[in-house]
Protein chains: 2
Amino acid sequence: MISILLFEDNKNLRESLSLYLAGTDGLWLSGAYADATEAVKLVKKYKPDVVLMDIQMPHLSGIEAMRAIKKVNPEVKVLIQTVFEDDDKIFAAICAGANGYIIKNPKAETYVQAVTDVYNGGSHLSPSIAAKVMKMFQNQFVQKEQTYVSLTQREKEVLQCMVKGMSYKMVADACDISFNTVHSHVKNIYEKLHVNSAPEAVVKALEMRLV
Amino acid sequence: MISILLFEDNKNLRESLSLYLAGTDGLWLSGAYADATEAVKLVKKYKPDVVLMDIQMPHLSGIEAMRAIKKVNPEVKVLIQTVFEDDDKIFAAICAGANGYIIKNPKAETYVQAVTDVYNGGSHLSPSIAAKVMKMFQNQFVQKEQTYVSLTQREKEVLQCMVKGMSYKMVADACDISFNTVHSHVKNIYEKLHVNSAPEAVVKALEMRLV
DNA sequence: CGGTAAATCCCCAATATTGGGGATAAAGCT
DNA sequence: AGCTTTATCCCCAATATTGGGGATTTACCG
């Protein structure tokens, strides 16, 4: 049973959504409110699994409300629903820790799917939103030619350890291999990345998102 | 009618997927191939609406194949399907212009949904992938808890040099100070950041956006 | 004026890293 | 059966880093 708390200022939509969610097997509607100013208190009271939050609300915006909720209960999943597809709203919502972002939809089943997805630890994005997010992603990282470097599994592991600031000894311990083997892997990594010190390798690894 | 071209090296999956897609109303399977080396030619020949591409293929990886296709026919939608959830693969796929990224799934309907979504100009991401993408997004733009550390001007300069992968000698040269002075600054930096090696300091500096 | 912070420089010794060899075993490919 | 890759291990010697001291100058603040 997934328990849900709904915030939606539009009376019509709130009531029809409530009706639908409450009547769906596997879902439990803990409450439906037109205002998010009390959101933190309500979350504390009902301990819902998922909060379904309209982005545009009087007094306190859905994003602000989510930020407040996440601050106190980071484990509560928040699903943003809205009619807005502005890049900046999407951006703000994601940065504030939204677990999903769906466009208000005539198809009620998408709500069930989205709620289930976020409840299970995934994220749910409406197709148009996903497209925008991926576009933003591309724009952000158009930068460097990814001269693709293929590190082996072990090499990646070792590199990951190095990024965590571990010394050869600690890496050896963490990967359960000998100091000498770590040394060998490091030599190979340096060769492949064309660097010759740990700090350089770490920076390059982060840049290239190899870890 | 949405026409589809399928690339999947696993015979079993290729055949069962072919069967399923070909038998679905509204979809038309133009072809199914185990190898993507001819992908560009095949796309030119069949002009599919959507290419369903496995990421791991012999000879030519799905991402490379997609890059080639997008170069010639940017309007063709490419849906990546894979068992991999590595950040770097997801990242590479998105940067190369993927229109969707789905985890190989026992539920065949998700394929139809995904194909339809990308055909309609949206993107489709499996929940776990969407979660990773949003996480990457957050990591990129939201700075972590700033336990404020006040580094002096010189210390910041030295740290910046270290992030560039420079050795003490090179830093000394770049800042026009002696090796010993660099050493002193480094000691102070390590003290302030509570670390005791260059890689750790670099990671912390990047995390804290001190540079 | 005295105190403090920043920046500069130096010495020493213990570790750690780097780069150069080389070797073996398992797995995969041709 | 050979070849390559990956992962594993070892030795040695040259550098580099780290951590512990201490010292001087400059500048700023009350």
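Each chain gets a letter, A, B and so on, in the order the sequences are listed, and its residues count up from 1.
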*Check every strand shown and say whether A:Tyr168 touches a base, only sugar-phosphate, or nothing at a heavy-atom separation below 4.0 Å.*
base
*asked:* What contact category does B:Thr181 fall into here, base, sugar-phosphate, or nothing, at under 4.0 angstrom with non-hydrogen atoms?
replied: base
*Nearest-angstrom distance from the residue atom NE2 of A:His185 to P of C:dG19*: 17 Å
_Residue met sooner reading DNA chain C from 5', once A:Ser167 and A:Glu191 are mapped to nucleotides_ = A:Ser167
*For the residue pair A:Glu109 and A:Gln113, establish whether any side-chain heavy-atom pair is separated by less than 4.5 Å.*
no
*Residues touching DNA chain D, which here means a heavy atom under 4.0 Å, drawn from residues 170-179 of chain B*: none
*Polar contact flag, side-chain donor to acceptor under 3.5 angstrom, A:Thr181-A:Ser178*: yes
*Hey, mind stepping through B:Gln81 and B:Met53 against side-chain contact (heavy atoms from CB on, under 4.5 Å) and telling me if it holds?*
CA-CA 6 Å; B:Gln81 61 154 345; B:Met53 179 76 77; over 6 Å; no
*Any N or O donor-acceptor pair linking the side chain of B:His183 to the base of D:dG20 at under 3.5 Å?*
no
*Would you tell me if any nitrogen or oxygen in the side chain of B:Tyr190 comes within less than 4.0 Å of OP1 or OP2 on D:dG19?*
no
_Side-chain N or O of B:Lys169 closer than 4.0 Å to phosphate OP1/OP2 of D:dA16_ = yes
*Polar contact flag, side-chain donor to acceptor under 3.5 angstrom, A:Ser128-A:Glu85*: yes
*What's the CD-C1' distance between B:Gln153 and C:dA5, to the nearest Å?*
15 Å
_Side-chain donor-acceptor pair present, B:Asn196, B:Lys187, cut-off under 3.5 Å_ = no
_Euclidean distance, atom CG of residue B:Asn180 to atom P of D:dG21 [Å, nearest integer]_ = 17 Å
*Output, in order, the C-alpha distance, side-chain angles, deciding distance and verdict of side-chain hydrogen bond (donor to acceptor under 3.5 Å, both in side chains) for B:Asn99 and B:Lys70.*
CA-CA 11 Å; B:Asn99 298 94; B:Lys70 287 279 183 182; 2.7 Å; yes
*asked:* How many whole angstroms separate atom CG of B:Asn188 from atom P of D:dT17?
replied: 17 Å
_Whole angstroms only, please: what is the NZ-P distance between B:Lys187 and D:dG19?_
9 Å
*Could you state the CG-P distance from B:Asn196 to D:dG19, rounded to the nearest angstrom?*
5 Å
*Taking the inter-plane angle between the rings of A:Tyr168 and A:Phe179 on a 0 to 90° scale, is it parallel (under 30°), tilted (30 to 60°) or perpendicular (over 60°)?*
tilted
*Assess whether one donor atom and one acceptor atom, taken from the side chain of A:Ser184 and the base of D:dC9, lie less than 3.5 Å apart.*
yes
*Rounded to whole angstrom units, what separation is found between the CD1 atom of A:Ile189 and the C1' atom of C:dG19?*
15 Å
*Round to the nearest Å and state the distance from B:Leu193 atom CG to D:dG19 atom C1'.*
16 Å
